[in-house]
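Read through the structure below, which is laid out as structure tokens, and then see the notes.
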Amino acid sequence: MTATDSLNAIKGTRDILPEEVAYWQWIEQAARQIFSRAAYREIRTPIFEQTELFARGIGEATDVVGKEMYTFIDKGDRSVTLRPEGTAGVVRAYIENGLHVKGSLQRLWYLGPMFRYENVQAGRQRQFHQLGMEVLGSADPRADVEVIALAVDLLNDLGLPNLRLDLNSVGTPEDRLRYRAALVDYLTPYQAELDPDSQNRLSRNPMRILDSKIAATQKIVEAAPKIWSYLAPDSQQRFERVQQQLTDLGIAYSLNPRLVRGLDYYTHTAFEIIAETGLGAQNAVGGGGRYDGLVSELGGPETAAVGWAMGLERLLLLLQQLKSAPASPLDFYIVSRSPAAEAQALRLAQALRHAGFATELDLSASAFGKQFKRADRSGAAGCLILGEAEAEAGTVQLKWLASGEQEALSQTDLLNQVETLRQRMQRSLELP
RNA sequence: GCGAGCGUAGCCAAGUGGUUAAGGCAGCGGAUUGUGAUUCCGCCAUUCGAGGGUUCAAGUCCCUUCGUUCGCCCCA
């Protein structure tokens, strides 16, 4: 394909072709079922919002806001941004629609495209999709455990192996302030040995140094003080309760003191779900945590909240390595020849579809031999043949493709014997 | 934003400076004018992402550019 004379999808975006959509629907269906069973309701918020929402919600100093937002000025001279994540929009909707008044607790989930202006690599695009959930209005550690359990339920339901749940607590803002000071004290003597990025972060966001992938930096960080020693007794206690309750539910996790989330709004519980194999360098399938300060930060009442998001494309990558998508089964394939037969075939297709049969009509008007070849490849259980003779007699030939058996019956009989047909269809499918 | 690899048909590709660009899959037509497999035959790239340069000669070497892949940063 030449770049100059054809129109291509924008860098970092891609088409999801029909074969792949089967996987998407699989995930969506599983999510819908599991979430609604836990009394979560779906929410759909706009794909773009005021830039200010993300800048304030996610944090000006984060990479997402600092360099990855798709921001533009619209014709009304407003700065708008394609949402880079889902939580800020959900929280805005929660405040704006007074959901805190309507019920003391909101359990919500969402699914949709997100946008970040980043360079593309395996498992990372500019338009990608996230599935997420939020519990707004509960500070109970059981809410943390519930959302984690639902994430695990979904992944188990999909049958994904080799996933690891990493858990940490980032405490309250006050806890973090104390820890941050201790961390800077520890790291400052090593400043010269840190990689340039980490040197930079030492003053701006020292906790982010903890999850650096640079080997030399990691070595220094290994002996760094852990946040756990700086958690206030309350924070410590709720961290322990989350762990205890996860264990009660039989959910395995690894404590990871170096787990730091990239968005500013997290407090207390932070977790990530990592694929140990099957993804490239971007191996986080999902992540989330508690964000007790966000609702008030965005102008709502003090509201405790917890949630997570998963990357659908990353889930897809794993799923496709494991299983092939289920093909949608076809009941009948109709071949026809001659104008009268073609007209009857069209009506017959319509009638069969209304009777609940998945029916494909051959539109080619090519030789019967060619049409049969396509019937065979369609995977249909039965082939209905309408030629000149059948059209004249008002009959149709029904051929069961697996066995090769063929019989003639009148078109009205065919439509009157729907139940019998269904049973025979069943038997025909069991044949091979 | 930075680094590296790769761009030959719808897809997978051979080709490593020498006349007309292998092969396979898919597709289309025919052998088979109303019956699916297999087989056989034919068709399917005036051109190698684009532009420029070197050379008697460029898919092949050089430059630019675009795309793509993987990675860094960071995240889903």
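By convention in this document, chain letters (A, B, ...) are assigned in the order of the sequence lines, proteins followed by strands, and residues within each chain are numbered from 1.
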Could you tell me how far apart A:Lys11 (NZ) and B:rC66 (P) are, to the nearest whole angstrom?
10 Å
When you measure from the side chain of A:Asp376, which nucleotide among B:rG71, B:rC73, B:rA37 comes out closest?
B:rA37
Taken to the nearest 0.5 Å, the spacing of A:Gln199 CD from A:Ile209 CD1 works out to 9.0 Å
Think A:Arg377 has a side-chain N or O under 4.0 angstrom from the OP1 or OP2 of B:rG27?
yes
What nucleic acid atoms does A:Glu313 come within less than 4.0 Å of, heavy atoms only: base, sugar-phosphate, or nothing?
nothing
Tell me what A:Leu401 touches on the nucleic acid: a base, only sugar-phosphate, or nothing, going by heavy atoms under 4.0 Å.
base
Regarding A:Gly280, tell me which of base, sugar-phosphate or nothing describes its non-hydrogen contacts under 4.0 Å with the strands shown.
sugar-phosphate
Heavy atoms under 4.0 Å, any strand shown: does A:Gln371 hit a base, just sugar-phosphate, or nothing?
nothing
Does B:rU68 have OP1 or OP2 under 4.0 Å away from a side-chain N or O of A:Arg14?
no
A:Gln130 vs B:rC75: side-chain N/O to OP1/OP2 distance below 4.0 Å:
no
Against the side chain of A:Val120, the closest entry in B:rC73, B:rA76, B:rU69 is B:rU69
For B:rC70 and A:Gln121 - does any side-chain N or O of the residue sit under 4.0 Å from the phosphate oxygens OP1/OP2?
no
Hey, does A:Ala122 reach any base, or is it just sugar-phosphate, or nothing, if we go heavy atoms under 4.0 Å?
sugar-phosphate
Mark up nucleotides 29-35 of chain B, 5' to 3', with B wherever a protein heavy atom is under 4.0 angstrom from a base atom, S wherever such an atom reaches only the sugar-phosphate, and - elsewhere.
SS---BB
If pairing means Watson-Crick or G-U wobble with both distances under 3.5 Å, then the partner of B:rU33 is none
Name the orientation class of the two ring planes belonging to A:Tyr70 and A:Tyr117 (parallel below 30°, tilted from 30 to 60°, perpendicular beyond 60°).
perpendicular
